[in-house]
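Here is the structure we will look at.
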Amino acid sequence: MTEKVRVLLIDDHEMARRGLRAMLSATDWVEVVGEGDSCESGQKLVDELEPDMVLLDIQMPGLDGLACLERIKARHPRVAVVMVTLYDDRRYVLEAIRRGAAGYLLKDAT
């Protein structure tokens, strides 16, 4: 059996986190290890849990997802961060990649 990918969810909307957790939990290769509702709480969890991957929302109160991405990558360069958002905007995609995102996924994707 292969090792599971350890994933942390950071999104200010509980419904979005629950939906992502439910979808990911249906797979046998992903383990959701935690959830944060802001950049600050998420950053603490990244430090504590050392996940393989973070699924990160772009628009959050306080520090936005792009700034949060930069913080995570500065402290944990090996953690893959995938932006998960409603914003289908080329500028966000390019900025996320420039700051170190491993991917950009729209919340309405199937």
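Remark: K107 pairs with D11, D57 by the salt bridge (charged side-chain N to carboxylate O under 4.0 Å, His left out) rule, at least two apart or across chains. In this view, Y92 and Y87 satisfy the ring pair (Phe, Tyr, Trp, His ring centres under 6.0 Å) rule, not counting sequence neighbours. Take R6 and apply the side-chain hydrogen bond (donor to acceptor under 3.5 Å, both in side chains) test, not counting sequence neighbours, and it matches no residue. Legend: residues meeting salt bridge (charged side-chain N to carboxylate O under 4.0 Å, His left out) with E95, ordered by chain and number and at least two apart, are R98, R99. In this structure, the salt bridge (charged side-chain N to carboxylate O under 4.0 Å, His left out) partners of D89, at least two apart in sequence or on a different chain, are R91. When the side-chain hydrogen bond (donor to acceptor under 3.5 Å, both in side chains) test is applied to S25, no partner is found at least two apart in sequence or on another chain. Residues meeting the side-chain hydrogen bond (donor to acceptor under 3.5 Å, both in side chains) test with R71, sequence neighbours left out: none. By the side-chain hydrogen bond (donor to acceptor under 3.5 Å, both in side chains) test, D12 pairs with no residue at all, sequence neighbours left out.
The nearest pair of heavy atoms linking G34 to L49 is CA-CD1, 4.2 Å. Smallest separation of non-hydrogen atoms from A102 and A80: CB-CB, 4.0 Å. Between M60 and L56, the shortest heavy-atom contact is CE-CD1, 3.8 Å. The two residues V33 and P51 have their closest heavy-atom pair at CG2-CB, 4.2 Å.
Considering CE of M23 and CG of L55, their distance stands at 9.0 Å, rounded to 0.5 Å. Distance check: E35 CD to E14 CD gives 8.0 Å after rounding to the nearest 0.5 Å.
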Q) Could you walk me through whether V79 and L8 pass the side-chain contact (heavy atoms from CB on, under 4.5 Å) check? A) CA-CA 10 Å; V79 172; L8 173 70; over 6 Å; no
Q. Can R17 and L20 be said to form a side-chain contact (heavy atoms from CB on, under 4.5 Å), step by step?
A. CA-CA 5 Å; R17 291 193 316 271; L20 283 169; 5.9 Å; no
Q.
The test is salt bridge (charged side-chain N to carboxylate O under 4.0 Å, His left out); show your working for E48 and K44 and say whether it passes.
A. CA-CA 6 Å; E48 292 171 18; K44 287 178 187 174; over 6 Å; no
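Taken together through direct or relayed side-chain contacts under 4.5 Å among Ile, Leu, Val, Met, Phe, Trp and Tyr, V81 and L9 form parts of separate hydrophobic clusters. Residues L94 and M83 do not share a hydrophobic cluster, defined by chaining ILVMFWY side chains whose heavy atoms lie under 4.5 Å apart. Hydrophobic cluster membership differs between V7 and I72, with clusters built from Ile, Leu, Val, Met, Phe, Trp and Tyr side chains linked at under 4.5 angstrom. In this structure, I10 is not a member of the same hydrophobic cluster as L24, with clusters built from ILVMFWY side-chain heavy atoms closer than 4.5 Å. Linking ILVMFWY side-chain heavy atoms closer than 4.5 Å, directly or via other members, places L106 and V84 in two distinct hydrophobic clusters.
Hydrophobic cluster of L86: no remaining members, since no ILVMFWY side chain lies below 4.5 Å from it. Through direct or indirect side-chain contacts shorter than 4.5 Å among Ile, Leu, Val, Met, Phe, Trp and Tyr, M15 is connected to no other residue.
Counting heavy atoms from C-beta on, the side chains of L63 and E40 come closer than 4.5 Å.
Residue pairs meeting the side-chain hydrogen bond (donor to acceptor under 3.5 Å, both in side chains) criterion with at least one partner in residues 73-82, sequence neighbours excluded, are D47-R75, D47-H76. Counting only residues at least two apart or in different chains, ring pair (Phe, Tyr, Trp, His ring centres under 6.0 Å) contacts with residues 3-60 are absent.
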